[in-house]
Amino acid sequence: MSRFGLVVIGFVLLILDVSLGGLLTLGSIRPSLTLPLIVYVGLLRGPIEGTLFGLAVGLGQDVLGALPLGASALTYCAIGFLCGKLWDETWIRLWWPWGIYLAIAAVADQAFSHYLLARAAGCSFLPAYLATGLPSAAYTTVLGLLWYVSPFHKVRPA
């Protein structure tokens, strides 16, 4: 997939995540539609493109979302970089490493965002994280596994 195609898909997923993401909400559990794409770009394109793509999508998420400017950008940038460091064509071909990378990224993303929200609200982090953060990470992982079987999930050319 070309860079332009990834940017278009990222923009569409960002708009869908902000505008229609509430339709996928189960109580207070909400998945991230953009996180699987960040993991995918990092694994497919390497650390530099994963970092830059994560930064761009994270800044868009921050501008349109509830977190302070730079919070999602920092998290997505780090996730894109770390997935890019795992850049290996054999791993992206298998479903289980994809699911593990996505689950770890979703847990880290939810932990950071719940920590910031708990600090801002002056409430306890752990109960909120256990009640909504971990189930949201699991929900994002399940939706990300659907990304794996979609036609958008392609491997790098050899």
Side-chain angles (χ1 to χ4, degrees), residues 1-26 29-67 69-114 116 129 132-158:
M1 184 177 300
S2 70
R3 287 186 184 124
F4 180 73
L6 288 172
V7 169
V8 169
I9 290 172
F11 181 74
V12 168
L13 284 177
L14 182 63
I15 297 300
L16 287 175
D17 195 10
V18 171
S19 62
L20 300 177
L23 297 175
L24 296 174
T25 302
L26 301 173
I29 301 168
R30 181 178 180 155
S32 172
L33 300 177
T34 54
L35 185 65
L37 185 62
I38 303 300
V39 173
Y40 174 72
V41 169
L43 289 173
L44 184 71
R45 300 287 185 142
I48 293 174
E49 287 191 41
T51 302
L52 294 175
F53 196 78
L55 178 68
V57 172
L59 281 174
Q61 188 93 13
D62 289 337
V63 167
L64 300 173
L67 290 174
L69 188 62
S72 295
L74 175 66
T75 306
Y76 284 179
C77 185
I79 288 170
F81 175 76
L82 292 174
C83 287
K85 293 303 272 184
L86 299 170
W87 184 25
D88 186 5
E89 186 176 342
T90 57
W91 290 115
I92 202 168
R93 292 182 190 269
L94 303 173
W95 70 269
W96 64 268
W98 167 254
I100 290 172
Y101 295 152
L102 186 57
I104 291 170
V107 166
D109 176 45
Q110 290 295 322
F112 188 66
S113 63
H114 275 73
L116 288 178
Y129 181 65
T132 61
L134 286 180
S136 295
Y139 194 8
T140 299
T141 303
V142 169
L143 286 180
L145 288 174
L146 292 177
W147 170 271
Y148 180 81
V149 297
S150 77
F152 296 116
H153 185 86
K154 300 284 186 209
V155 296
R156 298 186 280 126

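In this structure, the separation between CD1 on I100 and CG on L86 is 11.5 Å, given to the nearest 0.5 Å. Residue Y101 holds its OH atom at 6.5 Å from CG of L43, rounded to the nearest 0.5 Å. Note that the CZ atom of F11 and the OG1 atom of T34 stand 13.0 Å from one another [nearest 0.5 Å]. Separation of atoms CG (L145) and CG (L102) is listed at 6.5 Å; rounding is to 0.5 Å. Atom SG of residue C77 and atom CG of residue L52 lie 7.5 Å apart, to the nearest 0.5 angstrom.
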If you apply the rule side chain to side chain contact (heavy atoms under 4.5 Å, CB included), what do you find for T141 with V107, and how did you get there? CA-CA 9 Å; T141 303; V107 166; over 6 Å; no

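Taking 4.5 Å as the limit, some side-chain heavy atom of W98 sits within range of a side-chain heavy atom of V39. For the pair R45/L6, a side-chain contact is recorded, criterion being any heavy-atom separation below 4.5 Å from C-beta on. Here the side chains of I15 and L20 are not in contact, with every heavy-atom distance at 4.5 Å or above. Looking at L55 and T51, their side chains never come closer than 4.5 Å, going by heavy atoms from C-beta outward. Counting heavy atoms from C-beta on, the side chains of L33 and L24 come closer than 4.5 Å. Using a 4.5 Å heavy-atom cutoff, the side chains of Y76 and D109 are in contact. When side chains are defined from C-beta on, D17 counts as touching R30, because their heavy atoms get closer than 4.5 Å.
A side-chain donor-acceptor contact under 3.5 Å links S113 to the backbone of Q110. In terms of modelled atom types and a separation under 3.5 Å, the side chain of S32 and the main chain of T140 share no donor-acceptor contact.
Considering every non-hydrogen atom in both I29 and P135, the closest pair reads CD1-CB, 3.3 Å. Contact record, V41 with G50: CG1-CA, 4.2 Å, taken as the closest heavy-atom pair. Taking each heavy atom of F53 and I38 in turn, the nearest pair found is CD2-CD1, 3.7 Å. Nearest heavy-atom pair, S72 versus G58, reported as atom, atom and distance to 0.1 Å: CB-O, 3.6 Å. The shortest non-hydrogen separation linking L35 to A106 is CD2-CA, 3.3 Å. Among all heavy-atom pairs drawn from A73 and D62, the shortest one is N-OD2, 3.1 Å.
Other residues, nucleotides and ligands contribute over 12 non-hydrogen atoms within 6.0 Å of the CG atom of L16.
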